[in-house]
Every structure is written in C-alpha cells, then in structure tokens.
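One structure is given here, and the rest of the page talks about it.
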Number of protein chains: 2
Amino acid sequence: MAQDIRQLLQQQGVRLTRQRQILLELIDGSGRHLDADSLYLLAKEKDPKINRVTVYRTLKLLKQGGLVDELDLMHFNGEQHYYETRSKQEHAHIVCLRCGKVEEFFGEPLERLRRQVETKLGFQILIARTEVGGYCSECQIARAREISEVTRKPTAKPNHASG
Amino acid sequence: MAQDIRQLLQQQGVRLTRQRQILLELIDGSGRHLDADSLYLLAKEKDPKINRVTVYRTLKLLKQGGLVDELDLMHFNGEQHYYETRSKQEHAHIVCLRCGKVEEFFGEPLERLRRQVETKLGFQILIARTEVGGYCSECQIARAREISEVTRKPTAKPNHASG
DNA sequence: GTTAGTGCAAACCTTTTGCAGCTCT
DNA sequence: AGAGCTGCAAAAGGTTTGCACTAAC
C-alpha cells in the first residue's frame, strides 16, 4: 500500500501535499504502468488545477528516493517513461510491440544475473532493468494473418479486387 | 566488419550512400557506444556537410532493419539513445552512474531468461535489453571517500567526530 | 532517368527551469 | 513564520517532418 511510501517520505523530510498524495495513489493503485502524461490526466480528474510540472517534479522526487522505478518499455509507444512503485521482487517487463500489453516476468535468471554482476565485476547495483520486446502469443497469430493478407499479391486474380 | 551490414542493406534495396557508409564505419568501428550527437560530430569530421537529420534517419533505418540495437544505458547522462551493431551474443550493459563506464556482461542467465520467456509466456522475442546501473569497483571507493568528507560536519569537533 | 536519399528549416514531444505566490508544519 | 511546494510561462534537449534539390543505381 501507498502507506509505506508515505512514511518513508515523511522520514526524508518531504512534505506530503495534496498533489503528491493524489499521484502516489495513482501510481500505486492503478494496475498498469503509467507515463507522466496519463498520470497528469488522471490526477486532473481529482484535482483540476494540478500542473504537469508538479507531476514531473513528484516523479523525480520518488525516483530519487528509490520509491518508484522508471521504465522505458522498449519505447514501444514513444519516448515517455513509465512508472511503477519499486517492488522487492525483481522482474522483467515483456512488452508486446503490437498490442502494447506488458507482462511481468519473475524468475531465477534475474537473481542469478544480479549475483554474477556483483561478484564477477565487483559492481554495486542500484538499479537493474530488463525489458523484452516482441509479440505476445495472440499477436503472433494476428500478425501471421496480416502478413499473409499483404503477401497475397493484388496482380493476381482480379476476381473481387480493389474496386 | 561493416561489410556484412552493407550486403544486408543492399539486399533490402537500400542505397549505400556516402553518408551511410561513414555512419556505418563509425558505429561499427568505434569501440564505444555512441549517441546520435556524438555520431553526428564524428561524421562531420569526415564530411563537414553531413546533417544531423541524416544521422537520425540512418539510425532509424538500421534499427528497423535489425542491424543496430538501441540502448538507453540507464539514462545515466540524459535522454539520448546509444547504438551498437547487433551482435549474435546477447549481453547486458552495466553502467557506472558515477564515471559513466559501460561494461558488457555475457552469461547464461541471459540465455536462460530468454528461453524461459519464450516457453513460459509463448512470447516471440525480437529485442531484449538488460541494463544495470550502479557503481563500478573504483567508484565505490571514490564515493566512500566523498561521503565521508561530506559527513564530517564543520560544526562538530574536528578531532574524529560523527563517529 | 527514376526513385530514394539529403539538407535545411521548422515543428514536435517530453521534460526542465525561473520565479512569484501559496501552503504545509 | 518560514522553508518547501505549486503553478505558470517559457526554455531546453532530443528527434521528426515537409519540401525542394541531389545522387545512387
């Protein structure tokens, strides 16, 4: 719950303003990964006077405090960043480049990787991010259909062609 | 060598212009990860008339053709993207957030992860990217020094305070 | 000789900054 | 009361687009 985050913030001497409460609720509450713009739009429903800049400033704050993680989701839909509250369980984000669905993948390979980087390189990890782009099972089928439609050349049988 | 890439491009009916040759050389030849701006600056040394836009267009082309991979390198230095010629061997990028050094990490965890995502989710992977941010071994030491300097409060006993 | 590619200027999108006024503690 | 935070306007950074000209095949 966002409750934990609130306490952490207070400890850091950060004021818990109305705007920040709204944004925290949204990031933590919505089941999906929101970007700054979506977040702004949603926040505006609760407080029509809230400003985009406040959204950016809050996200920066939460990011720096290690309370949220920033994702790119393979830039599948532009250059925005997406946000999620930092969870204890490391996971990869699997992004369908056709429908945009994002699946989370948990598993030992991620922990193994982390350990190996720490021991083999003597690296101190602060953030780790694994993103995978491709096609989800549904979209693989849909794409196969689409491609076969395109491949069917229009120069062939003009039976019921383009017009 | 960039030779392979050239052939692939020709196959795709893409013209191999002077500008593209220069950019290919640079991406493939420089031992580091270049962003569009660095690439532009370097290309300008070889062809002072080359335009930034051409750099962006070429990168997009190579990206779409699957010939180069785009990296974010944890946005350790802004929002640019970095590029590398796509290698057969999957690897993670380990970025030091203090000195900016980028290490490449090869290992089974990455292949395991890939296989698991494919089998467990039935996902068709086109691109995968693992980026890790933190401090390299040298910078861990440097940071420890920096922090202890800051922690030494000027108001306290200068003897061996904050202990 | 076509058609794809280039350069230039200007637009675009996301994010940041400067500053005056507001508000949380 | 005072530092911290907000909103507004404007700027910044990175990238894309429209269009006329140029060059690769």
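Below, read A as the first sequence line, B as the second, and so on, with proteins coming before strands; counting in each chain starts at 1.
Atom CG of B:Asn51 is separated from atom P of C:dA9 by 9 Å (rounded to the nearest Å). Between the CG atom of B:Leu62 and the C1' atom of C:dG5 there is a distance of 14 Å, given to the nearest Å. In this structure, CG of B:Asp72 is placed 16 Å from P of C:dT14, rounded to the nearest angstrom. B:Leu16 has its CG atom 13 Å from the C1' atom of C:dA4, to the nearest Å. Note: CG (A:Asn77) to C1' (C:dT14) measures 13 Å, nearest angstrom. A straight line from CG of A:Leu61 to C1' of C:dT15 spans 16 Å, rounded to a whole angstrom.
Comparing B:Lys60 and B:Gln80 along DNA chain D, the residue whose closest nucleotide (by nearest heavy atom) sits nearer the 5' end is B:Gln80. Where B:Arg52 and A:Val53 each meet DNA chain D at their nearest nucleotide, the meeting point lying more 5' is that of A:Val53. Across the interface with DNA chain C, nearest-nucleotide mapping of B:Asp47 and B:Glu79 shows B:Asp47 to be the residue nearer the 5′ end.
Phosphate contact (OP1/OP2 of C:dT16, side-chain N/O of A:Tyr56, threshold under 4.0 Å): absent. Side-chain N/O atoms of A:His81 include one lying less than 4.0 angstrom from OP1 or OP2 on C:dT15.
Scanning residues 29-44 of chain A for heavy-atom distances under 4.0 Å to DNA chain D yields an empty list.
Salt bridge annotation for A:Glu103-B:Lys120: absent, with no cationic side-chain nitrogen under 4.0 angstrom from a carboxylate oxygen. Taking the charged nitrogens against the carboxylate oxygens, B:Asp72 and B:Arg129 do have a contact shorter than 4.0 Å, which makes a salt bridge.
The closest side-chain heavy-atom distance from A:Lys63 to A:Arg86 is not below 4.5 Å. Here the side chains of A:Tyr82 and A:His93 are not in contact, with every heavy-atom distance at 4.5 Å or above. Using a 4.5 Å cut-off on side-chain heavy atoms (C-beta onward), A:Glu146 and A:Arg98 make contact.
The closest side-chain donor-acceptor pair between A:Glu131 and A:His75, if any, does not fall under 3.5 angstrom. Inspection of the A:Tyr83 and A:Glu70 side chains reveals an N or O donor paired with an N or O acceptor under 3.5 Å.
Of the possible polar contacts, one joining the B:Gln140 side chain to the B:Tyr135 backbone as a donor-acceptor pair under 3.5 Å is found.
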Between side-chain atoms of residues 43-50 of chain B and protein atoms elsewhere (two or more places apart, or another chain), which donor-acceptor pairs fall under 3.5 Å?
from: B:Lys44; atom 1: NZ; to: B:Tyr40; atom 2: OH; distance (Å): 3.3
from: B:Asp47; atom 1: OD1; to: B:Lys49; atom 2: N; distance (Å): 3.0
from: B:Asp47; atom 1: OD2; to: B:Arg18; atom 2: NH1; distance (Å): 2.2

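Where DNA chain D meets chain A (any atom under 4.0 Å from a heavy atom), the bounding nucleotides read 5' to 3' are D:dG2 to D:dA9.
When heavy atoms are screened at a 4.0 angstrom cut-off, B:Arg57 is found touching base atoms of the nucleic acid.
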